[in-house]
Amino acid sequence: ARAVGSPVEENAAASRAALRLPRPASPAPPVPPGAQLRVPGISPFVTPNRDFYRVDTALVVPRVDAARWRLRIHGSGVREERTVTLPQLMSRRVVERDVTLACVSNEVGGPYVGNARWLGVSLADLLREAGVRPPSEGGPADQLVARSVDGMTIGTPVEQVMDGRDALLAFGMNGEPLPFTHGFPVRMVVPGLYGYVSACKWIASIELTTFAAYDAYWVPRGWAAQAPVKTESRIDTPRPLARVAPGAVAVAGVAWAQHRGIRRVEVRIDDGPWQEAELGAEDSGDTWRQWLHRWPAAPGRHTLTVRATDGTGATQPEERTGTMPNGAQGWHSVVVEVDDA
Ligand SMILES: Nc1nc2c(c(=O)[nH]1)N[C@H]1C(S)=C(S)[C@@H](COP(=O)(O)O)O[C@H]1N2
Ligand SMILES: [Mo]
């Protein structure tokens with residue numbers, strides 16, 4: 001059934017082509033013009049779908065026929081088990097939000113992060129209708145386990161899903177139906193949590209359970225059961241080991257601390273003092289922020305380092321850690337060669 005050109009494939013492609021996205025009752029505010037700095041080489045504020053990183057275990061990308069898709073909600077504290085279709089989901093109150101998604105396996109300075117405009121419905125509202133209460137209101141389930149059509153399991157804290165943040169069941173990405181590679185027809189998106197604990201693609205069911213009772217796919221493999229995103233910043237330009245002309249050099253990149261927001265970004269040249277970078281306008285606390293430092297570059301080899309401070313006032317620690325078990329930390333540096341004058 002997975003062979004190219006099979007009826008299942010064709011139905012999936014046709015169902016995606018025929019899908020008309022509803023207009024949001026709650027649109028995302030327009031991206032402020034100042035969010036996109038005019039610097040060659042910086043990551044675009046909105047990541048185009050074709051450039052959006054992809055991380056999953058799928059050897060063959062699932063191609064789901066939207067007409068046959070169902071989402072089952074069941075488990076501890078669910079008053080009455082429910083199954084919803086895509087038209088039912090799309091007839092709910094549709095919301096649109098800009099959210100930056102990041103992978104826990106992203107090394108400091110790495111590429112596994114992207115920012116998109118998602119269209120979907122509130123997951124918290126759907127859960128409340130099903131009778132679910134968060135642990136802080138006495139609900140029996142502290143973990144929501146999402147299962148995909150290809151058997152992935154992703155465990156998300158119920159408390160965070162229901163704390164008022166824009167946790168979405170998303171069917172649109174940057175103005176089009178989700179691409180097959182990004183979870184068509186429906187995926188989860190939860191601001192502030194790494195993808196492996198929040199962003200189930202090709203979602204098929206949601207089970208309310210506890211962290212004590214169930215380990216999702218990555219947990220027995222050494223990754224943390226709960227993983228809020230760490231504050232990170234990245235130098236996009238100049239590239240590592242770039243040769244640049246002396247004089248004014250734009251050092252620029254992105255910084256993210258989803259759901260806390262970015263308050264400050266600082267840049268250091270070699271062992272010099274930290275200098276405050278110019279920040280792009282904030283879109284929302286759930287999105288990354290561009291930054292720029294205008295560097296008067298002198299000839300020779302130099303090390304550029306960046307660090308960010310999030311909306312709580314916490315600055316990225318210098319100490320480097322690897323990605324396992326709950327995300328890399330440390331400052332990103334690049335070495336560049338400035339030509340002689
Ligand atoms: N079904 C399924 N959903 C998944 C995964 C997966 O392997 N299978 N990977 C997760 C991980 S680790 C991340 S970081 C995000 C990546 O989403 P993207 O590929 O759309 O960028 O999807 C999450 N959802
Ligand atoms: Mo990930």
Side-chain angles (χ1 to χ4, degrees), residues 2 12 16 43-44 46-64 69-72 97-108 110-120 123 144-157 160-161 167-207 215-230 232 254 256 258 286-288 322-329:
R2 277 175 170 166
R16 184 171 183 277
S43 303
V46 178
T47 313
N49 289 354
R50 66 176 178 282
D51 299 334
F52 206 96
Y53 82 92
R54 176 186 159 205
V55 171
D56 55 60
T57 58
L59 297 177
V60 177
V61 174
R63 291 169 76 94
V64 178
W69 178 84
R70 301 283 184 278
L71 175 69
R72 175 177 173 227
R97 296 290 182 268
D98 296 339
V99 178
T100 297
L101 183 62
C103 184
V104 71
S105 68
N106 197 37
E107 302 282 354
V108 170
Y112 301 137
V113 55
N115 181 47
R117 176 157 286 198
W118 307 95
L119 188 72
L123 174 55
L144 174 166
V145 174
R147 284 189 177 77
S148 69
V149 301
D150 65 334
M152 172 53 66
T153 54
I154 288 191
T156 309
Q160 267 82 82
V161 166
L168 300 180
L169 284 170
F171 35 74
M173 180 179 186
N174 290 332
E176 58 171 302
L178 288 179
F180 287 114
T181 46
H182 295 291
F184 181 84
V186 181
R187 75 176 306 169
M188 274 175 54
V189 175
V190 184
L193 307 178
Y194 285 118
Y196 84 108
V197 288
S198 69
C200 188
K201 304 193 279 190
W202 316 293
I203 192 169
S205 71
I206 286 177
E207 180 181 4
D215 281 341
Y217 181 85
W218 287 112
V219 177
R221 291 164 173 82
W223 298 87
Q226 301 201 44
V229 292
K230 294 183 180 176
E232 291 200 52
V254 284
W256 59 93
Q258 293 92 311
D286 293 337
T287 54
W288 62 11
T323 57
M324 195 175 264
N326 64 351
Q329 68 164 35

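All of these numbers come straight from a predicted model, not from anything done at the bench. First listed ligand is number 1; within each ligand, the first listed atom is number 1. Hydrogens, waters and symmetry mates are skipped; everything else that's a heavy atom, side chains included, is used.
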Within the distance-only criterion (no hydrogens, no angle test), does the side chain of Trp118 pair as donor or acceptor with the backbone N or O of Leu169 below 3.5 angstrom? no

For residues 217-230, run the donor-acceptor check on the side chains, cut-off 3.5 Å, and write out each pair with its distance to 0.1 Å, sequence neighbours left out.
| unit_1 | atom_1 | unit_2 | atom_2 | d |
| --- | --- | --- | --- | --- |
| Arg221 | NH1 | Tyr217 | O | 2.7 |
| Lys230 | NZ | Asn326 | OD1 | 3.0 |
| Lys230 | NZ | Gly327 | O | 2.7 |

Within 6.0 angstrom of Phe52 CZ, more than 12 heavy atoms from elsewhere: yes

According to the salt bridge (Lys or Arg N to Asp or Glu O under 4.0 Å) rule, which pairs have a member within residues 193-202, sequence neighbours left out? Asp56-Lys201

Quick one: which of Asn115, Asn49, Asp98, Thr47 gives a side-chain hydrogen bond (donor to acceptor under 3.5 Å, both in side chains) with Asn174? Asn49

Protein neighbours of ligand 1 with a heavy atom under 4.0 Å, given by chain and number, are Phe52, Tyr53, Arg54, Val55, Asp56, Thr57, Leu101, Cys103, Ser148, Asp150, Met152, Ile154, His182, Arg187, Gly195, Tyr196, Ala199, Cys200, Lys201, Trp202

Where at least one partner belongs to residues 186-195, residue pairs that pass salt bridge (Lys or Arg N to Asp or Glu O under 4.0 Å), sequence neighbours excluded: none

